[in-house]
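This report refers to the structure that appears directly beneath it.
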4 protein chains.
Amino acid sequence: MRLQATYDAVFDILTPTPFVLMLRPRSGAQQWIVREEYRFSAENIFEFTDSYGNLCQRLIAPSGRFSIYTSAEVITTDYMDSAPGAPFVEIQNLPDDVLCYLLPSRYCEAERFGQMATTITVNQLPGYDQVAAIESWIRNVIRYLPGTSNIPLSAMEIYYRQSGVCRDLAHLGIALCRSLCIPARMVVGYLYQLEPMDMHAWFEAYIAGRWYTFDATQPQINGGYVAIGYGRDAADVAIYNQFGPEAYPATQNINVQRLED
Amino acid sequence: MRLQATYDAVFDILTPTPFVLMLRPRSGAQQWIVREEYRFSAENIFEFTDSYGNLCQRLIAPSGRFSIYTSAEVITTDYMDSAPGAPFVEIQNLPDDVLCYLLPSRYCEAERFGQMATTITVNQLPGYDQVAAIESWIRNVIRYLPGTSNIPLSAMEIYYRQSGVCRDLAHLGIALCRSLCIPARMVVGYLYQLEPMDMHAWFEAYIAGRWYTFDATQPQINGGYVAIGYGRDAADVAIYNQFGPEAYPATQNINVQRLED
Amino acid sequence: MRLQATYDAVFDILTPTPFVLMLRPRSGAQQWIVREEYRFSAENIFEFTDSYGNLCQRLIAPSGRFSIYTSAEVITTDYMDSAPGAPFVEIQNLPDDVLCYLLPSRYCEAERFGQMATTITVNQLPGYDQVAAIESWIRNVIRYLPGTSNIPLSAMEIYYRQSGVCRDLAHLGIALCRSLCIPARMVVGYLYQLEPMDMHAWFEAYIAGRWYTFDATQPQINGGYVAIGYGRDAADVAIYNQFGPEAYPATQNINVQRLED
Amino acid sequence: MRLQATYDAVFDILTPTPFVLMLRPRSGAQQWIVREEYRFSAENIFEFTDSYGNLCQRLIAPSGRFSIYTSAEVITTDYMDSAPGAPFVEIQNLPDDVLCYLLPSRYCEAERFGQMATTITVNQLPGYDQVAAIESWIRNVIRYLPGTSNIPLSAMEIYYRQSGVCRDLAHLGIALCRSLCIPARMVVGYLYQLEPMDMHAWFEAYIAGRWYTFDATQPQINGGYVAIGYGRDAADVAIYNQFGPEAYPATQNINVQRLED
């Protein structure tokens, strides 16, 4: 599937404000970036790669109108890989750089979900089937209410609240996986035909030697995912971090359309 | 000051259990490791460096008695550097790899402490003096009760509880610093003449182009610190992580003695 | 200056052949990539970042016609920075990751140029002026003969030959700098109005805390440089490496044109 | 096998001289460092990890006598692993960070050895057996003359000279492997019962998903190897690099003895 994904925002900036942006999808196992465009109404932009491999931009937004425009043409797989029955990876066989995705993080209090995860995944084979059971349980139990929250909440908060946005459901999935010693990470990006259209968040779990995609907000996982950033949770993968007086986008448009192959 | 620091623990292991250990001090700006020794009653130990630069060991503890013994001879400075008046570093001038220490993390909900930090540091010059005011405020307001907690608590939990162990006070200091856009990180290690002797935790803040040491558990900061691990908070710098049925050390001894120069 | 740089090549491949490509300019201190496009007639392309920070693509070129097309719109400075008189950085003050650019490498036998470099830079202030003297000496002494060589030659070979392509002159400059303990690295990329148009190579030297651009093939350094890859020498920064039976591009076009601001 | 390896050197330094040292063995697949000691007659020593994972120390040797003393107690395997018949790894399946060991480097002009390597390995299965044939060919054809050279020579120079020290034979082995698209790297370290005792160098080749040890200077490879540093060739793994007027050690002692298990 060939997609054109666009993010376009305008901020009203009162005083020059440092930003760190994370808006560039990278080519990877199930997506290939064919064309990219990014325009910011700022000068002296510096790029760096963070410790998760995300390509970030640092800049100072000047006072007044500050605009961000990014667009990418991406070839994605029509169906995300799935692997029912794929086995759990023993801790000692995990790659070094996957170990950090076992630890608790800001919004994923993994150490407090052990009992719940055991109950949810009872009778499942260790590995893919456990994560599928977690995803299915979230889909059935936690109400997905897009657009209801601006502030990230933690997995435990979401569990008590029993509803949340895409980011919240991902946090809960991640915390449950980690409590079973399955590495799990947050992904932000675009999803074709997401309703209502917005930036999206989902999670990946490390099973049988690679990462697999899970998304409890959708009835089933088809293709059309474009990953922008990876991290331990939402604290790591904000599409923008600003430092100083808060400025929300005055306007923000996200668009994902399908192109002819 | 020349110190000999030793950590010695024995676990009763029921079933072979993967461990990740973080027990090796590294030579750095204010400490030089002259001699090290580390013996584990396990085979097939693999070392790796995590994304914070800590040297970690992976191993599988066999069933039965599992012992860890590490010892280091370290030359440390007699006095940790301090720098009253040293200036705040503007976000845009921070090194790329320091940016992650501005973000909220598992036990440091930085985004919820902005108002409190502003109040505590009122009339202070941005930078070192703000952090010194935070350290002093914690020292005066939060009761330091060593040995009262095994489970890491978050900065917000400690604020409500008004008391905590060294790790807890460090979390609160870190959260307050970050809410002022001052990068802050957790340090675990040894402290000479700590009463009662135990592993210790403190925090560092990035000011005027380098990291400075702060420790609200002590009336004042002298020398005698031996850093073992750095991270965003306690989730990153456990001296050991085990995966599987929990096993606490049956015996654990920590010893720090001064050697002749 | 706003440039559109395009690389376009077609290979006739006899048997499926692994390629590693290095064709994506990165945003940096003196260039900002506004738009990029890259199309390869291959599937399963994987990107990785090498130890120099270059963004590389791995793929297997299928039998038959294999085409590469990349295009970037880049804003570059009109004039590259220069800094006559800027001082030499003492070894102990160099950043850790700059140290490797002091060592000899495949085509830069730095350890054999000490005497020559001392002679060339006699009476120059240590630092920028030494490198400017080296650049000027190469410009005057070594004949720049574009298009005369496909095989990389070493600095010593070029010195004996007294002529070379852009890559060769850069190797000589790098070897001379390193022999004076000035870190130096190879850059490949595009140069606006290069005659005849081709991929280009030049070098950078680390002086007074940052990298400066030098190019002995041009009478003077104006702007219009678009860096694609950095490395110790040509061994690190081939725009493509192929593994297996050699296949040269059947056709190859490089184009750099100026766009309206 | 339990070994005690010691390196001890004294330099006469005329003027304060920056050094970069690489003298600390790391725990890895076939060696475990139980105890380490390192004493330098210098202050302000900083450690860093280079891009190959080696732990390096930076310091300024003061004028006068400058002494280095390092000692390590190491458990090594009694026999290095070997794997006759183990298969060649297709380029596309190599890990990203192994790719750099395919490229030519300062002393390993891999691109000039293709024909020779093909001849030496005729009729061998691609992979381990090819490297074993290369090792055997070097052992038979190139005379190993320890102590005859202070200056690193390149693989091509050694081939013409038909003799060399351990480092030279390793360079030739590496260049031949790379010319067959087998990743190969240089190792420096200690070898128990090496005659005459000195620092040693050998090489590793990447086959069937891991690195294997080869050493053409020995009639056969037993155990007793203690690796200190890894790199592309001798340019990367000098046990010390000094910058400024050359100073050779006035005295240098290397000792490797066997301890009781």
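Hydrogens, waters and symmetry mates play no part in the numbers below; they use all other heavy atoms, side chains included. In this text the structure is predicted, and so the values were computed from the model without any measurement. All chains are named by letter (A, B, ...) in the order of the sequence lines, taking the proteins before the strands, and each is independently numbered beginning at 1.
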With only heavy atoms counted, which part of [X] is less than 4.5 Å from chain D, the side chain, the backbone, both or neither?
X	result
B:Arg58	neither
B:Glu43	neither
B:Leu55	side chain
B:Gln57	side chain

Subject >> Segment of D:Phe46 engaging chain B (4.5 angstrom heavy-atom cut-off) >> reply: side chain
Subject >> Contact origin within D:Gln30 toward chain B - heavy atom pairs under 4.5 Å >> reply: neither
Original post:
Pick from B:Tyr248, B:Tyr240, B:Phe40: which one makes a ring pair (Phe, Tyr, Trp, His ring centres under 6.0 Å) with B:Phe11?
Top reply: B:Tyr240
Subject >> Check: D:Asp215 main-chain N/O paired with D:Glu135 side-chain donor or acceptor under 3.5 Å >> reply: yes
**OP:** Output yes when a side-chain donor or acceptor of D:Ser71 lies under 3.5 Å from a complementary backbone atom of D:Glu37, and no otherwise.
**Re:** no
Original post:
Between B:Tyr206 and B:Tyr101, does the ring centroid distance fall short of 6.0 Å?
Top reply: no
Subject >> Check: B:Tyr128 ring centre within less than 6.0 Å of B:Phe214 ring centre >> reply: yes
